[in-house]
Amino acid sequence: MSHGSAPAPAGGHPEAAARFVANEARTHWHDQALWFVREKRDKAASLVPDWEELRIAAAAIRAYQRGRLPELLEEFERNAVARGAKVHWAADAAEHNEIVHRILDERGVRRLVKSKSMLTEECGLNPYLEARGIEVVDTDLGERIVQLRQEPPSHIIFPAIHLKREEIGVLFHDKLGTPQGLSDPTKLTEAARGHLRERFMRAQAGLTGVNFAVAETGGVVVCTNEGNADMGTSLPPLHIACMGVEKLLPRLEHLAVMVRLLARSATGQPITSYTSHFHGPIEGGELHIVIVDNGRSRLLADTALRGLLACIRCGACMNTCPVYRRSGGYSYGWVVPGPIGSALAAARDPASHATLPFASSLCGSCDGVCPVRIPIHDALLKERRTLAARGLIPPGKRFALAFLALVLRYRAVYEAGGRILRFALRHLPRFVLYGPWNVWGRRRELPPAPKESFRDTWRRTRAAGGRSRG
Ligand code: SF4
């Protein structure tokens with residue numbers, strides 16, 4: 001099941017987020033769990049003395065790649081073909097799905113194992129293949145959990161981060177026959193391993209995503225912690241690797257920079273447990289590489305937002321984002337949630353994702369952790385301007401912003417407004433102050449009203465100081 005191509009939730013991000021925060025306990029541990037990962041990332045980054053230099057190098061590699069993408073893609077294809085792979089080009093999600101299905105169908109494949117691929121989520125591959133009679137099993141543990149629940153991933157690195165182990169225990173009892181009430185993570189993982197082993201053994205093909213593809217060598221690299229990509233590609237004879245055009249790196253040496261940044265930023269590990277390189281098919285087998293555009297060229301042509309293509313999908317901007325941590329991945333209604341997901345979704349289709357550029361406090365924490373130094377909050381701000389220019393901001397918000405602009409433009413209006421508000425805060429009854437209009441005050445107390453404004457204090461003390469000096 002994919003939500004990559006599904007419409008955004010009704011009411012956009014604010015309403016979906018309100019549904020998430022209605023469960024206060026869940027919101028709290030979701031926030032804590034992701035903050036824990038953020039802290040692990042900080043620790044891992046602090047142990048690399050040249051961390052900032054690595055980030056600068058990574059940003060430069062990505063910028064170089066964007067400037068030469070067509071030539072690099074051709075170089076990659078030449079080298080991949082020379083190593084025995086077959087390369088396919090897909091302009092959009094529909095073509096991607098057709099190509100994958102054709103490859104499987106021509107070989108009579110009915111059972112496919114998949115390792116994590118956000119691209120196939122974006123393209124809605126699973127339901128497409130299932131509707132054509134092919135069994136698709138996601139083999140990353142978190143992915144398998146959400147697949148069994150018929151849900152999309154809620155995070156790009158931790159697909160089931162929104163679930164408690166007790167909920168997974170209930171699911172496994174239902175689907176895998178584990179004892180009722182079992183919620184021990186080790187035992188649940190053992191059960192999943194047994195279940196997946198059996199699926200690996202009978203699979204006729206394996207499909208993986210691609211973390212990086214190297215133009216110079218024609219090889220693709222897949223990073224996992226569970227070794228599931230390796231099982232899925234070494235047992236069956238057919239391997240299909242699906243990648244967006246942006247996954248390309250010019251030279252092998254660039255991989256050293258990216259791999260050091262990726263795992264530390266994603267999970268705080270020095271390196272992912274398995275960083276597997278595929279250069280051509282296994283003996284007697286086939287390797288097909290499907291290279292997908294699906295809107296990426298359009299983004300590349302957008303000089304203001306093309307930098308978003310540098311993303312290496314580490315998830316660090318999600319773990320640090322105060323909005324993501326407290327609103328959950330599903331509130332975004334897009335295959336990639338969080339700050340980068342908001343920016344990418346609104347760049348692709350501003351009308352359908354008009355609330356996402358506002359799902360940010362613009363604190364800039366995402367920019368601070370991004371291993372490839374994408375100015376994400378800057379992109380979100382640009383997208384807000386685009387939405388305003390295209391009249392895609394709701395009338396209530398437009399009116400509020402126009403009113404605020406008026407207040408901030410004229411000092412007399414600003415000072416009079418301050419006096420009225422201070423008076424209101426002191427004298428209006430609570431049910432008026434905290435009425436439905438006061439969204440800010442739903443979960444917070446308004447500050448006590450000061451007797452006078454800062455300006456008044458300034459004028460008074462200056463006057464007093466002037467008198468005493470005189
Ligand atoms: S934008 Fe940066 S921090 Fe966010 S997922 Fe992409 S690479 Fe990671």
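Numbers here are sequence positions counted from 1. Atoms within each ligand, like the ligands themselves, are counted from 1 in listed order.
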Quiz item: Which bit of Ile376 is near ligand 1, meaning a heavy atom under 4.0 Å away: side chain, backbone, both or neither?
Solution: side chain
Exercise. Evaluate the ring planes of Phe278 and His239, with Trp represented by its six-membered ring, and classify them as parallel (under 30°), tilted (30 to 60°) or perpendicular (over 60°).
Key: perpendicular
Quiz prompt | Heavy atom of Ser265, distance to ligand 1 below 4.0 Å | solution = no
Self-check item: More than 12 heavy atoms of other groups within 6.0 Å of Arg83 CZ
Solution: yes
Quiz item: Does Thr267 offer a backbone N or O that forms a donor-acceptor pair with the side chain of Lys40 under 3.5 Å?
Solution: yes
Quiz item: How about Cys311: does one of its N, O or S atoms come closer than 2.8 Å to atom 4 (Fe) of ligand 1?
Solution: no
Quiz prompt | Min heavy-atom dist Ile312 to ligand 1 below 4.0 Å | solution = yes
Quiz item: With a cut-off of 4.0 Å, which atoms of ligand 1 are near a heavy atom of Gly315?
Solution: 5 (S), 8 (Fe)
Quiz item: Numbering the atoms of ligand 1 from 1, which are under 4.0 Å from a heavy atom of Cys317?
Solution: 1 (S), 3 (S), 4 (Fe), 5 (S)
Quiz item: So which protein heavy atom does atom 8 (Fe) of ligand 1 come closest to, and at what separation?
Solution: Cys314 SG, 2.3 Å
Quiz prompt | Within 6.0 angstrom of Glu24 CD, more than 12 heavy atoms from elsewhere | solution = no
Exercise. For Gln65 and Glu246, indicate whether the former's side chain and the latter's backbone hold a donor-acceptor pair under 3.5 Å.
Key: yes
Practice problem: Tell me, please, if Cys370 has any N/O/S atom, main chain or side chain, under 2.8 Å from atom 2 (Fe) of ligand 1? | Solution: yes
Exercise. Classify the side-chain pair Glu151/His162 by whether it contains a donor and acceptor separated by less than 3.5 Å.
Key: yes
